[in-house]
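See below for the structure under consideration.
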Protein chains: 2
Amino acid sequence: MTGAPTAARDQPLIAIDVVPVSFAAGSGLRVATAPRQYAPYVGQEALPGVLLAPAERLADGARRALRSKAGIDAAAVRHLAQIGAFDGPERDPRSTAISVAFAAVVDPSAVGPGGGGAVDRPSSVWRLPDQGEPRLPFDHDTIIRAALEHVRTRIWRDLPLTRALLGEVFTSSDAAQLQTALTGTAPDPGNTNRALRTNPALVRADAPSSVAGRGGRPPVTWTWVD
Amino acid sequence: MTGAPTAARDQPLIAIDVVPVSFAAGSGLRVATAPRQYAPYVGQEALPGVLLAPAERLADGARRALRSKAGIDAAAVRHLAQIGAFDGPERDPRSTAISVAFAAVVDPSAVGPGGGGAVDRPSSVWRLPDQGEPRLPFDHDTIIRAALEHVRTRIWRDLPLTRALLGEVFTSSDAAQLQTALTGTAPDPGNTNRALRTNPALVRADAPSSVAGRGGRPPVTWTWVD
DNA sequence: ACAAAAGTGTTGGCGCTACACCCATGT
DNA sequence: ACATGGGTGTAGCGCCAACACTTTTGT
């Protein structure tokens, strides 16, 4: 950074937009949106976002956006990663603004009616990322694509991210399903198993997966070594 | 992005900082800095940076920083990639500011006295990135580390980036030297040759490397297809 | 109730590619 | 000296086949 001697004000606004991502065996990979409370696009579903506060850290702004716009408490946020800064004249009709985007891996139960949040929190909904039928306002579709690309290129390389997505205990099927959701193609089950077996960060959990599947041999459950 | 109904001003300033990177056989991998013209840290070497102009795109701000602070013309910029947004209260003693950092691969001859720029451009100097003996102000050391990490993880995966670093024609030794500079360890010359030979984006150039090495078999020269 | 079928996951083998490491050859 | 070209061994992954465990279906 640097500056001319007199700081130029009238700079673009700094916005923080967050892509809440969750994964669970039953529901798959999902992205949360919440209806906008202010103009423009009032009532439309959009990513939770806020304007950066004067002395606020970027990551703190992301957490505030999750809390105030989507009702996702900080305790439900398992992982937070910056995606990048987005600009462009088309991204906001009001005034020029740049957006620093984050991807947030949150607990799957933290969204939707009956979730674990406060009673009066804004209602947010999970949606499947691929067929985002109703296009999102601003450049939020671009941001979601970038966030998913970020996750896709880091799965199994970034262990904290992977752990946040899969949770503390998960089955081989869960891992395969996550990979399928991210890459679009199902991995070979044999290779998936070998990878899980030889991964030094994982140990087999004896728990035989309480929930009964609809037929078939129950998958092995895994846990993370501490 | 989004916002409260009344836009909160007094937001942090938006700065653009650029890490100019170049690679050449003789000089290796280098990063350019320029002496600061304004307070704070007047006269100290730092990354070229500007405050984002009201209606300016982020990438345009990066090019303007290169031009006005380091004398690197847009024609000398071969590649421009965003690294991310940096914040933190310690990064600027004057006022809170965030910085959107870029890595710019520039022509090695575009910096230093006798370079290809204008006559009155600010003087910038190349430096080896590793032993940044004189610590840079702000969080510029962090930004340089992030930029080099960005390059390290994308070399040979991001073809435009690799092409910008190596140039249009290069030798096998150049490729090995670049890899050594990025990873710290020299790759096996046999594997490097195999990788170059089997890379469909490369073709052998007949030019037998005009500059005579100091003894030894001259390396093969390569060019990019199309 | 019992057996067969269908569904799902695990384990192992085979072949290809990539890479670390080595050595002989070319200039 | 220095680079090229080739060889060997290991790790990873795509692909395939056999086996194990569970639920569903048929009689």
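Please read all numbers here as calculations on a predicted model, not as lab measurements. Residue numbers begin at 1 in each chain, while the letters A, B, ... track the order of the sequences.
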Whole angstroms only, please: what is the [atom1]-[atom2] distance between [X] and [N]?
X	N	atom1	atom2	value
N193(B)	dT25(C)	CG	C1'	14 Å
D188(B)	dG5(D)	CG	C1'	12 Å
R217(A)	dC21(D)	CZ	P	6 Å
L196(B)	dC19(C)	CG	P	12 Å
N199(A)	dA11(D)	CG	P	16 Å
R197(A)	dG9(C)	CZ	P	15 Å
Q179(B)	dA18(C)	CD	P	15 Å

Using only modelled atom types and a 3.5 angstrom limit, is any donor from either the side chain of R194(A) or the base of dG13(C) paired with an acceptor on the other?
yes
If you go through the side-chain atoms of N191(B), does one of them form a donor-acceptor pair with the base of dA20(C) closer than 3.5 Å?
yes
Taking NZ, NE, NH1 and NH2 as the nitrogens, is one of them in R36(B) or E45(B) under 4.0 Å from a carboxylate oxygen of the other?
no
Can you find a pair of side-chain heavy atoms, one from [X] and one from [Y], that are under 4.5 Å apart?
X	Y	value
I16(A)	P48(A)	no
L202(B)	L196(B)	yes
V151(B)	L182(B)	yes

Quick one: is S172(B) getting a side-chain N or O under 4.0 Å of the dA3(D) phosphate, OP1 or OP2?
no
Does T171(B) make a side-chain N or O approach to OP1 or OP2 of dA3(D) shorter than 4.0 Å?
no
Most 5' of G190(A) and P189(B) on DNA chain D, judged by nearest nucleotide
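Nearest nucleotide further toward 5': that of P189(B).
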